Colleague: 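Quick one: structure below, then a few questions.
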Amino acid sequence: MADEHASPGVVVMARRPGCERGSLSAVGGSFPGMGFTSAWAISSHTDEGIAGLSSHLLPAMRADRGHPEAERRWRQWLREPLPDYRTWYSFGGEGGDVRADPDAIESFRELTAPGRHVDDVCGGTVDPSFDVLDTVWEGQSEESMFVSVHSKEYAVSSLFHAIGPTRAALLPGWCGTFLLSAAEVRDSLPLVERALTFTPAERAAVEDQDWLYYGEGEERVLDGPLRVWRTAVLQGLGLCGVSVHLC
């Protein structure tokens, strides 16, 4: 939620009513039927700022990446990318449409949902003095940050499905989470450009598979990450990417 009294150009995220400190981890990706609000954000920081975040975020990111099921889910998606999302829950598609295996759908959703360890850290459960709203995103500008907030959906899930595993594998970090110095951001820009640059036909195809709803003027997950990556390179800044439950 944005603060209407904020200075122009400054992004301010506020907790929704009932979303108290530490509640980000209250809902897990395993329960798509439950109500939740999630956010995927990429914010820009000096190398000093990145170093300050690392003691809190890196262990959590590594723990989520090292989950016993993480590699299995990733390899399953690499082997068997999911078909058109509109067929996922259909009872026999029209015109020979392929219906995805329910277990493969669940595996992909688990893969691309916010990781439990990052959720706990970002929600203030691990350390009440550290949470994503006040510690990571505070003071970010529209230029320095990309954020995609959705109810009952995950931005990373839609992006990864839309671009497919070959392009997704080019993106640094693990399923939308990363902590990169300015040098690492600069060095990884060519890979991010390869992942998120499209011909007109490719663009139409990936947009068709991005199921997120966007308000007027809202930046798509297909555009925001590359924009903020290029901006960070120009400004000599590092980047922090986190996918979390806000409520």
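Remember, it's a predicted structure, so these values are computed and weren't measured experimentally. Hydrogens, waters and symmetry mates play no part in the numbers below; they use all other heavy atoms, side chains included.
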Colleague: Taking the six-membered ring for Trp, are Tyr154 and Phe36 closer than 6.0 Å centroid to centroid?
Modeller: yes

Colleague: According to salt bridge (Lys or Arg N to Asp or Glu O under 4.0 Å), who are the partners of Glu218, at least two apart in sequence or on a separate chain?
Modeller: none

Colleague: Between Asp208 and Arg203 (salt bridge meaning N to carboxylate O under 4.0 Å), is one present in this structure?
Modeller: no

Colleague: Do any pairs count as a salt bridge (Lys or Arg N to Asp or Glu O under 4.0 Å) and have a residue in residues 176-187, sequence neighbours left out, and if so which ones?
Modeller: none

Colleague: Could you list the residues that satisfy side-chain contact (heavy atoms from CB on, under 4.5 Å) with Val126, not counting sequence neighbours?
Modeller: Asp120, Val121

Colleague: If the condition is ring pair (Phe, Tyr, Trp, His ring centres under 6.0 Å), which residues does Trp74 pass it with, not counting sequence neighbours?
Modeller: Trp77, Trp174

Colleague: State plainly whether the residues Arg72 and Glu69 are in salt-bridge range, i.e. N to O under 4.0 Å.
Modeller: yes

Colleague: How close do Leu57 and Cys240 get, heavy atom to heavy atom, and via which atoms?
Modeller: CD1-SG, 3.6 Å

Colleague: Just grab all the salt bridge (Lys or Arg N to Asp or Glu O under 4.0 Å) pairs involving residues 166-178, residues at least two apart or on different chains.
Modeller: Arg167-Glu202

Colleague: Is a donor on one side and an acceptor on the other found under 3.5 Å between the side chain of Ser157 and the backbone of Arg109?
Modeller: no

Colleague: What salt bridge (Lys or Arg N to Asp or Glu O under 4.0 Å) pairs are there with at least one residue in residues 227-247, not counting sequence neighbours?
Modeller: Glu193-Arg230, Glu219-Arg227

Colleague: Applying salt bridge (Lys or Arg N to Asp or Glu O under 4.0 Å), name anything that partners Arg194, two or more places apart in sequence or on another chain.
Modeller: none

Colleague: Would you please name every residue forming a salt bridge (Lys or Arg N to Asp or Glu O under 4.0 Å) with Glu71, sequence neighbours left out?
Modeller: Arg65, Arg75

Colleague: Under 3.5 Å, side chain of Ser158 to main-chain N/O of Ala155, donor-acceptor pair present?
Modeller: no

Colleague: Looking only at atom types and distance, does a side-chain atom of Asp210 sit under 3.5 Å from a main-chain N or O of Leu159, one as donor and one as acceptor?
Modeller: no

Colleague: Listed by chain and number, what are the ring pair (Phe, Tyr, Trp, His ring centres under 6.0 Å) partners of His56, not counting sequence neighbours?
Modeller: Phe130

Colleague: Check for me whether the distance between the ring centres of His150 and Trp40 falls short of 6.0 Å.
Modeller: no

Colleague: Is the closest side-chain donor-acceptor distance between Ser44 and Ser144 under 3.5 Å?
Modeller: no

Colleague: Under 4.5 Å side-chain heavy-atom separation, chaining through any Ile, Leu, Val, Met, Phe, Trp or Tyr, what else clusters with Leu170? Say none if it is isolated.
Modeller: Leu191

Colleague: What pairs meet the salt bridge (Lys or Arg N to Asp or Glu O under 4.0 Å) rule with one or both residues in residues 47-64, with sequence neighbours excluded?
Modeller: none

Colleague: Would you check if there is a donor-acceptor pair between the side chains of Ser107 and Gln76 at a distance under 3.5 Å?
Modeller: yes

Colleague: Would you please name every residue forming a salt bridge (Lys or Arg N to Asp or Glu O under 4.0 Å) with Arg73, sequence neighbours left out?
Modeller: none

